[in-house]
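Below is one structure, written out as structure tokens; the observations come after it.
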Number of protein chains: 2
Amino acid sequence: MICRQVLYMRWDMPKISLDVIDRKILAALQRNGRLSNVELADEVGLSPSPCLRRVRLLEEAGMITGYHAALDRAGVGLGLTIFVGVKVERHHEEEATAFREAVQALPEVVSCHLVSGEADFLLQVVVPDLTAYEQLLLGTLLKLPAVSDIRSNFAIQTVKDRAPLPLDHLEAEAR
Amino acid sequence: MICRQVLYMRWDMPKISLDVIDRKILAALQRNGRLSNVELADEVGLSPSPCLRRVRLLEEAGMITGYHAALDRAGVGLGLTIFVGVKVERHHEEEATAFREAVQALPEVVSCHLVSGEADFLLQVVVPDLTAYEQLLLGTLLKLPAVSDIRSNFAIQTVKDRAPLPLDHLEAEAR
DNA sequence: GCACCTGTCGGCATATCATGCCATAAGCGA
DNA sequence: TCGCTTATGGCATGATATGCCGACAGGTGC
């Protein structure tokens, strides 16, 4: 019998564990999210029925949070990527929450993390050009609640982007 | 006739332009990359045939670079995300190239950009835990070619991640 | 050792979908 | 107004998704 290992559990999601085949499925769908179930089944060494069942379970368990088309940024006219470090004033938790909500609502901000170190928040911003960034920075970012300092780092070259998550660390543990 | 606007062109890709429907398609597939063609066609207000044709064109034109499943990082046991600023020694272009190639080969590094500002490269690293990061930092990153300084910023909270690219800037230009 | 239970597999039937082909409608220039 | 170009929609066919069934293997208790 193939033994699956419980790695993650929340009250609102079914228990799940990842065996060798589940990891193959996750790796394959990271690489190509539009694989047909037949192709996927063939790739992981199952017949279509149990393969589809596993995919559905992984989705319901929250392991797979979604499927997304990746676009060419330059292609759609978004030539500038900027990593923005934001410092917020201390002792203003309610304002920090307001900051988070404001950031959520900004479509140009494609990711935002609370981080340790120099900055408090690290954002990734995507805009068509410098003019657009100027408007965003002066017109919006600097006016966000509790912001005390902003540092912009322009992406000059993309060496690697959105690479698949490494799943090798599961290899050793699962049988 | 609906007029499309040429935004991006490379010698090896067919000319393409994006009209209102194309933008709806891109937006929909960013949101859900596994939409069936029938659902997509319904959403953008076309019948399946021309809809599929447009999707294929967008793929061939390089606008859509791929489809990928998004995984829950904690769910697959990758609890730690770190933003790593790396400084490299100047005047060593060949070593900087070696650095880029080394980074490409590291599965824990999910993205890497050459940036302006304090650091030269900004990496996003994903590992299971602090022990794994210690090994990666001491055993690998610090030994990479031409590296002179490394600064690690740990992600404490994810406010927003991998949000869809904003396509609103195309609205005004296209008819 | 045997019966039973549980979990997973593979096969099958059916509804849905992808995809290529063709006729048609709408814009554009002569 | 007449063609030419381009995109659309419908249709036929082959492929796919999906739910249901029985089979089978591992584990458990008698």
Side-chain angles (χ1 to χ4, degrees), chain A residues 1-9 13-69 170 173-175, chain B residues 1-9 13-69 170 173-175:
Chain A
M1 183 189 180
I2 296 172
C3 184
R4 300 193 187 181
Q5 178 191 18
V6 176
L7 278 169
Y8 185 54
M9 202 188 311
M13 42 175 67
K15 302 177 189 179
I16 200 157
S17 45
L18 299 175
D19 65 4
V20 190
I21 296 180
D22 288 322
R23 279 181 286 117
K24 283 188 189 174
I25 290 176
L26 294 178
L29 289 179
Q30 276 199 107
R31 202 161 11 84
N32 181 3
R34 284 209 82 137
L35 273 177
S36 80
N37 184 51
V38 173
E39 293 168 312
L40 181 62
D42 184 61
E43 192 162 322
V44 304
L46 277 181
S47 66
S49 294
C51 181
L52 184 64
R53 220 171 306 146
R54 279 169 180 262
V55 172
R56 292 288 171 267
L57 281 174
L58 290 168
E59 289 169 357
E60 284 162 24
M63 288 291 170
I64 298 175
T65 59
Y67 301 87
H68 309 281
L170 300 172
E173 313 166 20
R175 286 153 286 258
Chain B
M1 180 193 180
I2 297 172
C3 185
R4 301 191 184 180
Q5 179 191 17
V6 176
L7 278 168
Y8 185 55
M9 203 190 310
M13 42 176 65
K15 303 178 190 180
I16 200 158
S17 45
L18 299 175
D19 66 3
V20 190
I21 298 180
D22 288 323
R23 278 181 285 119
K24 283 189 189 174
I25 290 177
L26 293 178
L29 289 179
Q30 275 198 107
R31 204 161 10 84
N32 181 2
R34 285 209 78 138
L35 274 177
S36 78
N37 183 51
V38 173
E39 293 168 311
L40 181 61
D42 184 62
E43 191 161 324
V44 305
L46 276 181
S47 66
S49 294
C51 181
L52 184 63
R53 220 169 309 144
R54 279 168 179 262
V55 172
R56 292 287 172 268
L57 281 175
L58 290 169
E59 290 168 356
E60 285 162 21
M63 289 289 168
I64 299 176
T65 59
Y67 302 87
H68 309 281
L170 300 172
E173 315 167 20
R175 289 151 285 257

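Chain identifiers are assigned alphabetically (A, B, ...) following the order of the sequence lines, protein sequences preceding nucleic acid strands; residue numbering begins at 1 within each chain. Note that the coordinates shown come from a computational prediction; the quantities given were computed from them, not determined experimentally.
A straight line from CZ of Arg54(A) to P of dA17(D) spans 17 Å, rounded to a whole angstrom. For Leu52(B) and dG20(C), the CG to C1' distance is 10 Å, given to the nearest whole Å. The CD1-C1' distance, from Ile21(A) to dG10(C), rounds to 13 Å in whole Å. Between the CG atom of Asp22(A) and the P atom of dC9(C) there is a distance of 9 Å, rounded to whole Å. Per the geometry, CD belonging to Glu59(B) stands 9 Å off P belonging to dT19(C), to the nearest Å.
Contacts between residues 34-49 of chain B and DNA chain D, defined by a heavy-atom separation under 4.0 Å, are made by Leu46(B), Ser47(B), Ser49(B).
Applying the 3.5 Å distance criterion, the base of dG10(C) shares a donor-acceptor pair with the side chain of Arg53(A).
Checked options Ile25(A), Val20(A), Ile21(A); the residue passing with Arg23(A) is Val20(A) (criterion: side chain to side chain contact (heavy atoms under 4.5 Å, CB included)).
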Without placing hydrogens or testing angles, list every side-chain donor-acceptor pair under 3.5 Å for residues 37-48 of chain A, not counting sequence neighbours.
from: Asn37(A); atom 1: OD1; to: Leu52(A); atom 2: N; distance (Å): 3.4
from: Asn37(A); atom 1: ND2; to: Pro48(A); atom 2: O; distance (Å): 3.0
from: Glu39(A); atom 1: OE1; to: Ser36(A); atom 2: N; distance (Å): 2.9
from: Glu39(A); atom 1: OE1; to: Ser36(A); atom 2: OG; distance (Å): 3.3
from: Glu43(A); atom 1: OE2; to: Arg31(A); atom 2: NH2; distance (Å): 2.7

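Looking at every heavy atom in both residues, Asp22(A) comes nearest to Asp19(A) through N-OD1, 2.9 Å.
For dT18(D), the OP1/OP2 oxygens have a side-chain nitrogen or oxygen of Arg56(A) closer than 4.0 Å.
Checking side-chain atoms of His68(A) against main-chain N and O of Gly33(B) turns up no donor-acceptor pair under 3.5 Å. Using a distance-only test at 3.5 Å, with no hydrogens or angles considered, a donor-acceptor pair links the side chain of Arg34(A) to the main chain of Leu35(B).
Of the inter-residue distances, the one linking Ser49(B) atom OG with Arg54(B) atom CZ reads 13.0 Å to the nearest 0.5 angstrom.
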